[in-house]
Amino acid sequence: MIKYLDLKKVNDAHSAEIKAAVGRVIDSGWYLQGEATAQFESDYAAYIGTRHCVGCGNGLDALTLILRAYIEMGAMKPGDEVIVPANTYIATILAITENGLRPVLVEPSLDTLQIDDSLIERAITPRTRAAMIVHLYGRCAYTQRIGDTCRRHGLKLIEDNAQAHGCTYGSRRTGSLGDAAAHSFYPGKNLGALGDAGAVTTDDDALADAVRAIANYGSERKYVFSYKGRNSRIDELQAAILSVKLRHLDEENRRRRDVARAYIERVGNPLMTLPSADYWRQSVFHIFPVLCRQRDELQGHLTACGIQTMIHYPIPPHRQRCYAEWAALSLPITEKIHAEELSIPCNQVLGESEVEHIIDALNKFKPA
């Protein structure tokens with residue numbers, strides 16, 4: 001079986017460096033808010049291209065902390081609206097509703113599978129305070145039109161960069177394109193920890209200070225609490241591991257692009273829609289999405305060929321039980337994507353023979 005993602009192989013490639021970094025943390029006797037965290041925050045901010053990186057517990061916390069900080073700063077208040085793509089992982093939307101804000105779901109484009117920038121302006125109302133874009137699957141969702149729309153209407157632009165570490169827009173990296181960005185370092189991400197971890201990046205000094213305080217029980221200095229905060233901190237072990245893996249991220253993303261390019265150029269099965277020919281140049285391919293009307297049959301065929309796949313995601317957020325109030329919403333493009341999307345292996349540890357086998361299996365698929 002070709003695994004969808006073999007995390008042991010991913011981490012074995014850096015085993016000696018990781019073990020040395022972990023050993024230094026253990027020997028230091030300091031396990032939270034120490035030198036390893038400060039080093040990673042500095043390294044990652046420089047990599048993304050922002051003045052600040054604030055480590056936190058996970059990607060959902062990062063999104064939630066950004067919105068909570070904006071509320072505390074007076075930039076928005078409960079009941080205000082945040083524009084968000086309908087085609088996303090549910091964490092993006094959970095962060096909005098957890099803060100008492102109202103998500104306004106906008107359909108994606110079938111060409112990009114990202115939020116349709118032509119639909120954003122018509123979704124703006126007097127209550128709109130922000131637009132949250134999601135660099136889903138590892139592709140940049142930002143467009144000049146989105147940036148111009150947010151500036152014209154005075155909206156905060158927030159990036160969900162959980163799936164796009166290292167992705168670029170021109171000469172800039174995602175995570176530096178808006179007012180603030182959230183990052184997840186879940187183990188399966190392109191930049192993955194060995195447990196949960198996340199971060200916020202921004203050039204806004206006040207926002208960074210507020211996020212850091214709120215994530216530390218609301219405390220800006222020991223035993224002094226400015227906010228009703230929470231506990232969401234990256235630990236020294238994860239920070240040290242991430243610093244090691246950050247050094248290899250661009251090289252590993254290049255391999256992902258090479259695999260994706262092979263799929264795009266050599267899979268010619270008319271039953272499938274693959275990312276467009278220019279997609280691979282920009283994406284870091286956290287996920288390689290294939291659309292197929294016979295998705296379940298295709299998945300069964302690939303399983304029989306010894307290829308593990310995943311679905312991102314089988315049920316869209318507006319059809320989830322936790323958002324039953326949206327049950328009557330009709331979002332046909334989002335629903336089509338969620339009914340047809342199949343994720344095939346696309347990562348830096350795939351061997352050439354495995355890539356050849358996957359291409360061959362895709363080209364041989366015929367529904368019953």
Side-chain angles (χ1 to χ4, degrees), residues 1-9 85-90 105 107-114 116 134 136-139 163 188 255-280 283 285-321 323 326-368:
M1 176 66 71
I2 298 174
K3 291 184 178 181
Y4 177 74
L5 177 63
D6 191 329
L7 281 177
K8 187 175 187 305
K9 282 187 180 180
N87 177 39
T88 186
Y89 183 57
I90 201 165
L105 305 182
E107 285 268 61
S109 162
L110 264 181
D111 292 333
T112 66
L113 308 184
Q114 311 295 319
D116 189 334
V134 183
L136 199 65
Y137 312 130
R139 180 174 183 173
Q163 297 187 3
R255 174 57 183 162
R256 284 175 177 263
R257 288 192 184 99
D258 288 344
V259 172
R261 186 177 185 180
Y263 292 155
I264 292 167
E265 292 181 348
R266 296 176 53 201
V267 175
N269 193 322
L271 296 173
M272 303 168 201
T273 300
L274 274 65
S276 61
D278 63 347
Y279 190 107
W280 67 271
S283 177
F285 289 101
H286 174 61
I287 291 167
F288 190 97
V290 174
L291 299 186
C292 180
R293 290 178 63 185
Q294 300 86 9
R295 189 260 309 282
D296 294 345
E297 289 182 71
L298 174 58
Q299 186 173 42
H301 164 75
L302 293 175
T303 299
C305 292
I307 301 165
Q308 186 182 46
T309 59
M310 295 187 70
I311 297 171
H312 295 94
Y313 300 95
I315 304 172
H318 70 285
R319 290 285 184 258
Q320 297 286 352
R321 180 181 176 185
Y323 289 116
W326 293 338
L329 277 181
S330 175
L331 295 165
I333 297 176
T334 295
E335 290 157 18
K336 174 182 173 64
I337 293 169
H338 285 249
E340 297 184 6
E341 194 276 341
L342 186 67
S343 304
I344 63 174
C346 184
N347 56 74
Q348 66 270 26
V349 297
L350 285 175
E352 291 300 331
S353 62
E354 293 175 312
V355 173
E356 293 294 327
H357 180 61
I358 293 166
I359 291 170
D360 184 62
L362 289 168
N363 281 326
K364 286 181 176 177
F365 171 66
K366 293 179 182 179

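Residues take their numbers from the sequence shown, with the count starting at 1.
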May I ask you to decide if [Y]'s main-chain N or O and [X]'s side chain share a donor-acceptor pair within less than 3.5 Å?
{"X": "R257", "Y": "S283", "result": "yes"}
{"X": "E297", "Y": "A368", "result": "yes"}
{"X": "R266", "Y": "E356", "result": "no"}
{"X": "E107", "Y": "I333", "result": "yes"}

Mind checking the [atom1]-[atom2] spacing from [X] to [Y]? Nearest 0.5 Å is all I need.
{"X": "N87", "Y": "S109", "atom1": "CG", "atom2": "OG", "result": "11.0 Å"}
{"X": "R293", "Y": "K336", "atom1": "CZ", "atom2": "NZ", "result": "6.5 Å"}
{"X": "M310", "Y": "Y313", "atom1": "CE", "atom2": "OH", "result": "8.5 Å"}
{"X": "L298", "Y": "L271", "atom1": "CG", "atom2": "CG", "result": "9.0 Å"}
{"X": "R139", "Y": "I287", "atom1": "CZ", "atom2": "CD1", "result": "14.5 Å"}
{"X": "I344", "Y": "T309", "atom1": "CD1", "atom2": "OG1", "result": "9.5 Å"}

> Which pairs count as ring pair (Phe, Tyr, Trp, His ring centres under 6.0 Å) when at least one residue sits in residues 345-368, sequence neighbours excluded?
Replying inline: H301-F365

What's the shortest heavy-atom distance between [X] and [Y], and which atoms?
{"X": "P289", "Y": "P275", "result": "O-CD, 3.4 Å"}
{"X": "L274", "Y": "M272", "result": "CD1-CB, 3.8 Å"}
{"X": "I264", "Y": "S276", "result": "CD1-O, 4.0 Å"}
{"X": "P367", "Y": "Q294", "result": "CB-CG, 4.0 Å"}
{"X": "A262", "Y": "I359", "result": "O-CD1, 3.9 Å"}

State, with a plain yes or no, whether a side-chain heavy atom of [X] is found less than 4.5 Å away from one of [Y].
{"X": "W326", "Y": "L331", "value": "no"}
{"X": "N269", "Y": "L362", "value": "no"}
{"X": "L113", "Y": "P108", "value": "no"}
{"X": "I315", "Y": "Q320", "value": "yes"}
{"X": "L302", "Y": "L342", "value": "yes"}
{"X": "L136", "Y": "P85", "value": "no"}
{"X": "P317", "Y": "H338", "value": "yes"}
{"X": "E335", "Y": "H318", "value": "yes"}

>> Under the rule for ring-ring contact (aromatic ring centres under 6.0 Å, His included), what residues qualify as partners of F288, not counting sequence neighbours?
In response: Y263, F285

>> Could you go through E341 and Y137, starting from their C-alpha distance and side-chain angles, then the distance that decides it, and tell me whether this counts as side chain to side chain contact (heavy atoms under 4.5 Å, CB included)?
In response: CA-CA 11 Å; E341 194 276 341; Y137 312 130; 4.3 Å; yes

>> One pair to check against side chain to side chain contact (heavy atoms under 4.5 Å, CB included): L110 and I337. What are the steps and the verdict?
In response: CA-CA 8 Å; L110 264 181; I337 293 169; 4.0 Å; yes

>> Is there a side chain to side chain contact (heavy atoms under 4.5 Å, CB included) between N347 and D6? Walk through the geometry before answering.
In response: CA-CA 9 Å; N347 56 74; D6 191 329; over 6 Å; no

>> R295 vs I311, test: side chain to side chain contact (heavy atoms under 4.5 Å, CB included). Steps then yes/no.
In response: CA-CA 9 Å; R295 189 260 309 282; I311 297 171; 3.4 Å; yes

>> Taking the basic N atoms (NZ, or NE/NH1/NH2) and the acidic carboxylate oxygens, is any pair closer than 4.0 Å for E354 and K3?
In response: no

